[in-house]
Amino acid sequence: MRAGRDPLTGKQAKLTETCATEAAAIAARERLQALVEAEALPDRATTLETLLEKWLEISDHEQSTAYTYRGYIRRSIPEPMKQMRARTLQHRVDLFDRLYKHLSRCARACDATPQLDHRYGKRGPDDHDCARAKCPPHVCKPLGPNSIHQIHSILRAAFDRGAAWGLVERNPVALAKPPTSPRRRARPPETDAVAQLLNSVWPRDPEFGLYLWLAVTTGARRAELTGLRWSRVRFAQSEIMLWSNYLVVDGQHVEKSTKTDEDRRLSLDETTLRLLGELKAQREAILARAGLTLDEHAFVFSPDPMGSRPWSPGYFSHRFREEADAVGIDKPLKNLRHFNATQLLAAGTDLRTTAGRLGHSDGGATTLRVYADWTRGADRAAAEGLSRQLDAERRLQAANGAPLATGSLKLRGLAQIDADVEDLLPGEDHVTSYVQIADRLRAVILSGELADGDTVPTIIDLGRRFGVAPSTALRAVQILSREGLTTRNGRRWSVVTRGVAMPSTGGNA
């Protein structure tokens, strides 16, 4: 079917589709005719690589996010798959399932054959000699479930837009199944190790020591502290304002909004304010010797005394790794945020406040999911506090004349735990009628072994205990019901009164 001329190339556009039956061909003709009339002609030659590039072009991603996504696409989606047509891939859910399986074995989705990891350098692959570059053998390293889920999200979003643009009719990625992501758990360093780290660093590098101190006491992200400016340290209000992230993306230095795109104000204690004040005073004293002043918008952590530029974020990570190894901390820098959160929760700080200080914008859901294990201490403290408060009130009432129960409580009703039928009705006797079973049950009720609200053993248990049919055991319980000793409570019978001894009845039930 002719579809006019391409608006960019001027070439005659044609739409073709192969169908198995005449009915399918008629339906396809009507669908293609509708596309021609609507001037919505799909590019049936669009490859997966082109589809991903178009999606990235129109997506409203932060620069750092787009850079990360391009890295996933470049490294983890095999080149042959990227060159396949999107319309072909829309029917190949199995390829995406296999891709995820390969990535869980090797981040490069290699075919497990021996190969080299090429070190192309600045010249690229055109002038490359593996012997001269000393390219090492490739070693498979699995990609984590969370990273595979990230790739799954990228592909799914791209095919969603492809379907909206008419490039494909269905989204195969929506039917693919990535691996299950394990629950994220906090892995904070130990308190004594953190203290040892601070004591080790501070005498040699007070600036980096203060950076670590802020990371521990505020729980701020690395990029948030990197981009901290003196104008956002409010000494009079005892707080700092975290309004931006400072990142290096593809070699470019970028200052952007925070990760959750929300500004945060964090209260500071007197010690932290004093340490920040001392660092600022030292900077001002150094600049005063040269007749200079510290700009209010200068960066707090900077290799330049003027604070005109901050340290690269990677500097803090590498420096932390060196210092942490020396004191036996094997966790990365970001786990200082975990340390901050666990200490707050263990101290009884409420979940919403902890989430707010960490910058979790979902009201505490992320905080609870990651740090749930660390709320158990506060949960136990809450239970113990409530118990102590109730017990104190109970003793106060006793001091005012009310009786004080000192024995264990015997719970009734729904909280009552059923007694074992063999313990409740011991003995080797054999009964021949429901009247004898009623006599045995009446005796334990009148003796108090079964009290008001207690449940009677089930009809099945009674029948098994005395070797009779369930219907015989039921008639025994019904005798006690007519005497006012038991009543039906849903599917069970329970004791409702403790009366005086009553004579055994021999009547029919």
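Note that the CG atom of Leu480 and the CG atom of Leu441 stand 5.5 Å from one another [nearest 0.5 Å]. The line from OG of Ser59 to CZ of Arg161 is 8.5 Å long, rounded to the nearest 0.5 Å. Note that the CZ atom of Arg92 and the CE atom of Met81 stand 9.0 Å from one another [nearest 0.5 Å]. Taking CG of Leu225 as the start and CD1 of Ile240 as the end, the distance is 6.5 Å to the nearest 0.5 Å. How far CZ of Phe316 is from CZ of Phe208: 7.5 Å, rounded to the nearest 0.5 Å. Separation of atoms CD (Glu49) and CG (Leu51) is listed at 11.0 Å; rounding is to 0.5 Å.
Under a 3.5 Å cut-off, the side chain of Asp97 and the backbone N or O of Lys177 do form a donor-acceptor pair. Looking only at distances, a side-chain donor or acceptor of Arg170 sits under 3.5 Å from a matching main-chain atom of Gln90. A donor-acceptor pair under 3.5 Å is formed between the side chain of Asn340 and the backbone N or O of Val216. Thr342 places a side-chain N or O within donor-acceptor distance of the main-chain N or O of His338, the cut-off being under 3.5 Å. Here the side chain of Asn171 pairs a donor or acceptor atom with the backbone of Arg156 at under 3.5 angstrom. Although no hydrogens or angles enter the test, the distance criterion places no donor-acceptor pair under 3.5 Å between the side chain of Arg357 and the main chain of Gly219. Proximity of a side-chain donor or acceptor of Gln436 to a complementary backbone N or O of Ser433 within less than 3.5 Å is detected.
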If you apply the rule side chain to side chain donor-acceptor pair (under 3.5 Å), what do you find for Trp493 with Ser481, and how did you get there?
CA-CA 9 Å; Trp493 291 87; Ser481 176; over 6 Å; no
Would Met84 and Leu95 satisfy side-chain contact (heavy atoms from CB on, under 4.5 Å), going step by step from the backbone distance to the final call?
CA-CA 11 Å; Met84 290 182 66; Leu95 284 182; 3.9 Å; yes
Check against side-chain contact (heavy atoms from CB on, under 4.5 Å), Tyr211 and Leu333
CA-CA 11 Å; Tyr211 177 91; Leu333 175 61; 4.1 Å; yes
Mind running side-chain contact (heavy atoms from CB on, under 4.5 Å) on Phe320 and Leu336 for me, showing each step along the way?
CA-CA 11 Å; Phe320 173 82; Leu336 293 183; 4.1 Å; yes
Would you sort out whether Trp213 and Thr271 count as a side-chain contact (heavy atoms from CB on, under 4.5 Å), showing the intermediate values?
CA-CA 10 Å; Trp213 176 269; Thr271 301; 3.9 Å; yes
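By the salt bridge (Lys or Arg N to Asp or Glu O under 4.0 Å) test, Glu239 is found to be paired with Arg234, Arg265, residues two or more places apart in sequence or in another chain being considered. In this view, Phe159 and Phe96 satisfy the ring-ring contact (aromatic ring centres under 6.0 Å, His included) rule, not counting sequence neighbours.
Across every non-hydrogen atom of Ile437 and Ala473, the tightest pair is CD1-CA, 4.4 Å. The minimum heavy-atom distance linking Ser104 with Ile148 is given by the pair N-CD1, 3.7 Å. Counting all heavy atoms, side chain and backbone alike, Lys82 lies closest to Ile77 at CE-O, 3.3 Å. Listed here is the closest heavy atom pair of Leu99 and Ser76: CD1-O, 3.7 Å. Shown here for Leu89 and Pro172, the closest heavy-atom pair between the two residues is O-CG, 3.4 Å. Among all heavy-atom pairs drawn from Ser200 and Val327, the shortest one is CB-CG1, 4.4 Å.
Residues Gln150 and Tyr69 have side chains in contact (heavy-atom distance under 4.5 Å, counting atoms from C-beta outward). Between Val194 and Leu212 there is no side-chain heavy-atom pair separated by less than 4.5 Å. With contacts defined as side-chain heavy-atom distances shorter than 4.5 Å, the pair Leu268/Leu276 qualifies. You'll find the side chain of Lys54 reaches within 4.5 Å of the side chain of Thr46, heavy atoms only. Side chains of Leu155 and Ile151 form a contact here, defined as non-hydrogen atoms less than 4.5 Å apart. The shortest side-chain heavy-atom distance between Leu214 and Leu275 does not fall under the 4.5 Å cut-off. Residues Asp160 and Val173 form no side-chain contact, since every pair of their non-hydrogen atoms from C-beta on lies 4.5 Å or further apart. Between Asp269 and Leu273 there is no side-chain heavy-atom pair separated by less than 4.5 Å.
A salt bridge does not link Arg274 with Glu270: none of the charged nitrogens is closer than 4.0 Å to a carboxylate oxygen.
His149 and His152 have perpendicular rings, their planes meeting at more than 60° on a 0 to 90° scale where under 30° would count as parallel.
For the 3.5 Å distance criterion, the side chains of Arg222 and Ser317 qualify, holding a donor opposite an acceptor.
Arg321 CZ: more than 12 foreign heavy atoms inside a 6.0 Å radius. When the shell of 6.0 Å around CD of Glu190 is examined, it contains 12 or fewer heavy atoms from other residues, nucleotides or ligands. For NE2 of His91, the number of neighbouring non-hydrogen atoms (other residues, nucleotides, ligands) closer than 6.0 Å is greater than 12.
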